[in-house]
Amino acid sequence: MMKKNLIQDTILYVRVKFEKENSGHDWWHIYRVWKLALKIAKAENANLFYVEMAALLHDLDDWKLNIEGHQLNNAEKWMQKLEMQKEDIVAISKIIDEVSFKGAGVDTPASTIEAKIVQDADRLDAIGAIGIARTFSYGGCKNRLIYDPEIEPEQHIDFESYKNSNAPTVNHFYEKLLLLKDRMHTKTAKELAEKRHHFLEIYLKQFFNEWNLN
C-alpha cells in the first residue's frame with residue numbers, strides 16, 4: 001500500500017478512536033501534533049512518513065488515557081494490520097516510545113531527529129493558550145482541584161511518582177509545562193515555544209493576582 005494511503009487510513013482510524021476522548025488528548029490534539037510535526041519535519045529534512053505516522057499514533061498507548069478497549073501495543077497492531085514493513089513498524093514504534101514526558105527529574109532522550117520532532121510537537125501542544133485549556137480539561141477529567149496553596153509542586157524524580165500524582169492542576173504548570181521550553185530540540189520548536197511559554201507566565205501572574213484578591 002502506498003504511504004499516502006497508509007497515512008489516510010491511519011487518520012480515519014485514530015479520529016474514530018479518539019472522537020469521544022475528553023481529557024485534552026482528543027482527535028484535535030493529535031491533529032495539531034501531526035500538523036506541527038510535519039511542519040518541523042520539512043524544515044529538518046526528516047523522514048516525513050515516520051514523523052506523520054508516529055504523530056498520528058503517539059497517544060494510542062498513552063498510560064494517561066482511559067479509552068474504551070484500551071490495551072498496550074495498539075499502535076503496533078494497527079501498523080501490522082496495514083501490513084507495513086517490519087523495519088518501519090520498529091522505527092515508528094521507537095519514536096512513539098520516546099515521546100512522553102515522565103517527570104521533571106526523568107531523562108527522556110529522543111534518539112533520532114524524527115523522535116525529537118514528534119516529542120517537540122507534542123510538547124508544544126502542552127503549552128500556550130491551548131496547553132492551558134488542555135491542562136484544566138485533564139485535571140477536571142481526573143477530578144483534581146484547580147489549586148490548593150497548601151500543596152506544593154514536586155519535581156518528580158521517577159516516572160512512578162509522576163504517574164501517581166493527584167496534585168492540583170496549577171501544580172502541573174510547575175511540574176511540567178514551564179519546563180518544556182528549555183527541553184525543545186529543533187530550531188522551529190524552540191522559536192514557537194518562546195511565545196507559548198511567555199503566555200503561561202502571563203496566565204499564572206493573573207491567576208495569582210485574582211487568587212490573592214489583587
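Since we're looking at a predicted model, the values are computed, not measured. As a basis for the values below, the full set of heavy atoms in this structure was taken, side chains included, without hydrogen atoms, waters or symmetry mates. For the single chain, residues carry numbers from 1 onward in sequence order.
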Asker: Testing the basics here: between A121 and A37, what is the closest heavy-atom pair and its distance to 0.1 Å?
Answerer: CB-N, 3.6 Å
Asker: Would you say the side-chain atoms of H25 and D62 include a donor-acceptor pair closer than 3.5 Å?
Answerer: no
Asker: Give the C-alpha distance, both sets of side-chain angles, the deciding distance and a yes or no for ring-ring contact (aromatic ring centres under 6.0 Å, His included) between F208 and W211.
Answerer: CA-CA 5 Å; F208 286 111; W211 186 274; 7.6 Å; no
Asker: With no hydrogens and no angle check, do the side chains of T108 and R123 hold a donor and an acceptor under 3.5 Å apart?
Answerer: yes
Asker: Charged N to carboxylate O below 4.0 Å: is that the case for E191 and K187?
Answerer: yes
Asker: Looking at K205, I want to see if its NZ is surrounded by more than 12 non-hydrogen atoms of other residues, nucleotides or ligands under 6.0 Å.
Answerer: no
Asker: Is a donor on one side and an acceptor on the other found under 3.5 Å between the side chain of D120 and the backbone of M184?
Answerer: no
Asker: Does this structure show an ion pair linking R15 with E19, if we count only N-O contacts that are shorter than 4.0 Å?
Answerer: no
Asker: Among the clusters formed by ILVMFWY side chains lying less than 4.5 Å apart, do Y174 and I157 turn up in the same one?
Answerer: no
Asker: Are T10 and Q8 close enough that a side-chain donor and a side-chain acceptor fall under 3.5 Å?
Answerer: no
Asker: List the atom of I130, the atom of R32, and the distance in Å for their closest heavy-atom pair.
Answerer: CG2-NH2, 3.4 Å
Asker: Side-chain donor-acceptor pair under 3.5 Å between E98 and S111, yes or no?
Answerer: yes
Asker: Honestly curious: do L38 and M53 fall in one hydrophobic cluster under the side-chain, below-4.5 Å linking rule?
Answerer: no
Asker: Any cation-pi pair here, K102 with F159, using under 6.0 Å and within 45°?
Answerer: yes
Asker: Should we count CZ of F49 as having more than 12 external heavy atoms under 6.0 Å?
Answerer: yes
Asker: Return yes if a side-chain donor-acceptor contact under 3.5 Å exists between E194 and H198, otherwise no.
Answerer: no
Asker: Using distance alone, with no hydrogens and no angle criterion, decide if D182 and H197 have a side-chain donor and acceptor under 3.5 Å apart.
Answerer: no
Asker: For L145, does the CG atom have more than 12 heavy-atom neighbours from other residues, nucleotides or ligands under 6.0 Å away?
Answerer: yes
Asker: Assess the side chains of E52 and W34: does a donor N or O sit below 3.5 Å from an acceptor N or O?
Answerer: yes
Asker: Could you check if a side-chain atom of N5 sits within less than 4.5 angstrom of a side-chain atom of M2, using non-hydrogen atoms only?
Answerer: yes
Asker: Quick one: does E175's side chain have a donor or acceptor within less than 3.5 Å of a partner on E154's backbone?
Answerer: yes
Asker: With a sphere of 6.0 Å drawn around CZ of F199, does it hold more than 12 non-hydrogen atoms of other residues, nucleotides or ligands?
Answerer: no
Asker: Ring centres of F18 and Y13 under 6.0 Å apart?
Answerer: no
Asker: What about V118 and I40, same hydrophobic cluster or not, with Ile/Leu/Val/Met/Phe/Trp/Tyr joined at side-chain heavy-atom distances under 4.5 Å?
Answerer: yes
